[in-house]
Amino acid sequence: MDKKQFRQQQLTRLGTMNAADRLAQNQALQRQLFASPAWQQATRIAVTISSAIEVDTRPIIEAAWRAHKLVFVPQTRPKRQLAFKPYTATTQLERTKFGILEPITGLTVDKATLDLILVPGLGYSQADGARIGFGGGYYDRYLADYPGVKLTLAFREMAFDQAGWPIEPTDILLDQLLVAEDGDSDGH
């Protein structure tokens with residue numbers, strides 16, 4: 001299956017998750033993330049403002065603020081580039097042509113100062129940390145020389161034993177993948 005077909009399959013699959021399962025998996029992922037050394041050690045965290053089909057990042061952002069961590073969210077730039085800017089409760093946001101909210105103010109942060117980036121996507125390989133994103137290549141470009149921790153949170157519908165899509169030399173592999181545990185195995 002090519003990447004375009006795989007993305008479409010995943011968009012359909014994620015769009016049909018029922019609300020109760022989505023909530024349970026989001027809560028499991030939050031517990032797993034907050035218990036992880038990557039989260040506990042990070043003071044500067046980059047994360048997207050999620051769309052409806054993605055893992056919900058709002059509770060994660062709020063937990064970061066409560067823990068006095070600094071939060072940065074992406075802004076798309078020309079030539080498929082990304083920049084991360086500080087995100088607080090008063091940051092001005094604008095919806096882009098991609099339908100995502102991005103900051104319109106604030107200074108761009110040096111990526112070397114970010115401790116942890118929560119990388120969005122549609123599917124992940126548990127064997128090698130390969131990721132398939134939304135198709136723009138923004139994150140692969142940004143992460144190519146990023147020295148910190150690249151971690152992804154995945155619903156069970158996003159995790160695969162092996163990549164079911166072609167992996168390109170420019171695809172950046174993840175450092176860590178957390179897949180939502182079910183209620184029987186996560187101790188809750």
Side-chain angles (χ1 to χ4, degrees), residues 7 11 14-15 17 19 22-23 25-122 124 131-155 158 172 174-178 180:
R7 283 187 189 101
L11 288 169
L14 296 171
M17 286 177 66
R22 181 180 297 275
L23 177 62
Q25 290 198 55
N26 271 309
Q27 291 172 337
L29 286 167
Q30 290 161 30
R31 285 191 300 269
Q32 292 168 244
L33 175 65
F34 300 154
S36 74
W39 172 267
Q40 293 174 358
Q41 294 167 8
T43 60
R44 299 168 65 89
I45 297 170
V47 60
T48 59
I49 298 172
S50 58
S51 65
I53 66 162
E54 296 177 288
V55 171
D56 187 3
T57 59
R58 172 55 62 187
I60 294 167
I61 292 169
E62 291 172 353
W65 287 341
R66 284 192 304 275
H68 306 289
K69 298 176 187 286
L70 298 177
V71 176
F72 302 86
V73 294
Q75 178 187 54
T76 52
R77 297 275 180 86
K79 299 182 181 179
R80 298 179 183 240
Q81 300 295 311
L82 277 183
F84 280 84
K85 297 187 169 204
Y87 182 52
T88 68
T90 60
T91 299
Q92 291 182 307
L93 301 172
E94 182 175 86
R95 192 165 300 279
T96 70
K97 65 182 178 182
F98 304 114
I100 55 177
L101 291 171
E102 294 184 351
I104 57 173
T105 58
L107 298 174
T108 298
V109 66
D110 178 352
K111 71 176 80 175
T113 68
L114 297 171
D115 301 315
L116 171 65
I117 296 181
L118 300 180
V119 184
L122 294 170
Y124 311 96
R131 158 190 169 271
I132 185 165
F134 291 87
Y138 290 88
Y139 272 88
D140 288 320
R141 286 180 188 83
Y142 190 82
L143 297 173
D145 61 350
Y146 170 65
V149 178
K150 303 175 290 290
L151 185 149
T152 286
L153 305 173
F155 294 135
M158 301 165 123
I172 303 300
L174 301 166
D175 298 316
Q176 296 177 34
L177 171 63
L178 297 179

Exercise. Taking C-beta and beyond as the side chain, do I117 and V149 meet within less than 4.5 Å on heavy atoms?
Worked result: no

For this session: Grab the two heavy atoms, one from Y138 and one from Q81, that are nearest each other, plus how far apart they are.
Result: CD2-O, 3.5 Å

Exercise. From Y124 OH over to R131 CZ, what is the distance, rounded to the nearest 0.5 angstrom?
Worked result: 6.5 Å

Problem set entry | Pairs meeting criterion side chain to side chain donor-acceptor pair (under 3.5 Å) with involvement of residues 36-49, two or more places apart | T43-D115, R44-T113

Problem set entry | Which atom of P147 lies closest to which atom of A112, heavy atoms considered | CG-CA, 4.0 Å

Problem set entry | Within residues 101-111 or reaching into it, pairs that qualify as salt bridge (Lys or Arg N to Asp or Glu O under 4.0 Å) - sequence neighbours excluded | K111-D145

Problem set entry | Of all pairs that satisfy ring-ring contact (aromatic ring centres under 6.0 Å, His included), the ones with a partner from residues 44-64, not counting sequence neighbours | none

Seminar exercise, completed: In short, salt bridge (Lys or Arg N to Asp or Glu O under 4.0 Å) pairs touching residues 59-78 with sequence neighbours left out are none

Exercise. Is the shortest heavy-atom distance from the side chain of P74 to the side chain of Y139 under 4.5 Å?
Worked result: yes

Problem set entry | Spacing of Q32 atom CD and L151 atom CG [to the nearest 0.5 Å] | 10.0 Å

Exercise. Quick one: are E94 and L101 in side-chain contact, heavy atoms under 4.5 Å?
Worked result: no

Problem set entry | For Q30, side chain to side chain donor-acceptor pair (under 3.5 Å) partners two or more places apart | none

Exercise. How many angstroms lie between atom CD1 of I49 and atom CD1 of I61, to the nearest 0.5 angstrom?
Worked result: 5.5 Å

Exercise. Any sub-3.5 Å donor-acceptor pair from D140's side-chain atoms to I172's backbone N or O?
Worked result: yes

Exercise. Is K85 close to L107 at the side-chain level, that is, under 4.5 Å between some pair of heavy atoms?
Worked result: no

For this session: List in chain and number order the residues that pass side chain to side chain donor-acceptor pair (under 3.5 Å) with D175, two or more places apart in sequence or in another chain; answer none if no residue qualifies.
Result: K150

Seminar exercise, completed: Contacts of D56 meeting salt bridge (charged side-chain N to carboxylate O under 4.0 Å, His left out) (sequence neighbours excluded), chain-then-number -> none

Exercise. Can you check whether L116 reaches L118 side chain to side chain, under 4.5 Å on heavy atoms?
Worked result: yes

Exercise. Looking at CG of L122 and CD of E54, how far apart are the two atoms once the value is rounded to the nearest 0.5 Å?
Worked result: 7.5 Å

Exercise. Shortest non-hydrogen contact from F134 to R7?
Worked result: C-NE, 3.5 Å

Problem set entry | Any donor-acceptor pair under 3.5 Å from R22 side chain to F155 backbone | no

Exercise. Is T152 reaching over with its side chain to a backbone N or O of V119, donor-acceptor style, under 3.5 angstrom?
Worked result: yes

For this session: Please collect all ring-ring contact (aromatic ring centres under 6.0 Å, His included) contacts where either partner lies in residues 50-92, sequence neighbours excluded, each pair once.
Result: W65-Y87, F84-Y142

For this session: Of all the heavy-atom pairs spanning F34 and P59, show the shortest one and how long it is.
Result: CZ-O, 4.3 Å

For this session: Indicate yes or no for a side-chain donor-acceptor contact from Q75 to the backbone of P103 under 3.5 Å, with no hydrogens or angles considered.
Result: yes

Problem set entry | Closest heavy-atom pair and its distance - G136, R141 | O-NH1, 3.0 Å

For this session: Report yes if some heavy atom in the side chain of L153 is under 4.5 Å from a heavy atom in the side chain of L33; otherwise report no.
Result: yes

For this session: Using the test side chain to side chain donor-acceptor pair (under 3.5 Å), find all partners of T96 that sit at least two apart in sequence or belong to another chain.
Result: none

Exercise. Quick one: side chain to side chain donor-acceptor pair (under 3.5 Å) partners of T57, sequence neighbours excluded?
Worked result: S50

Exercise. How far apart are the closest heavy atoms of Y146 and L114, and which atoms are they?
Worked result: OH-O, 2.9 Å

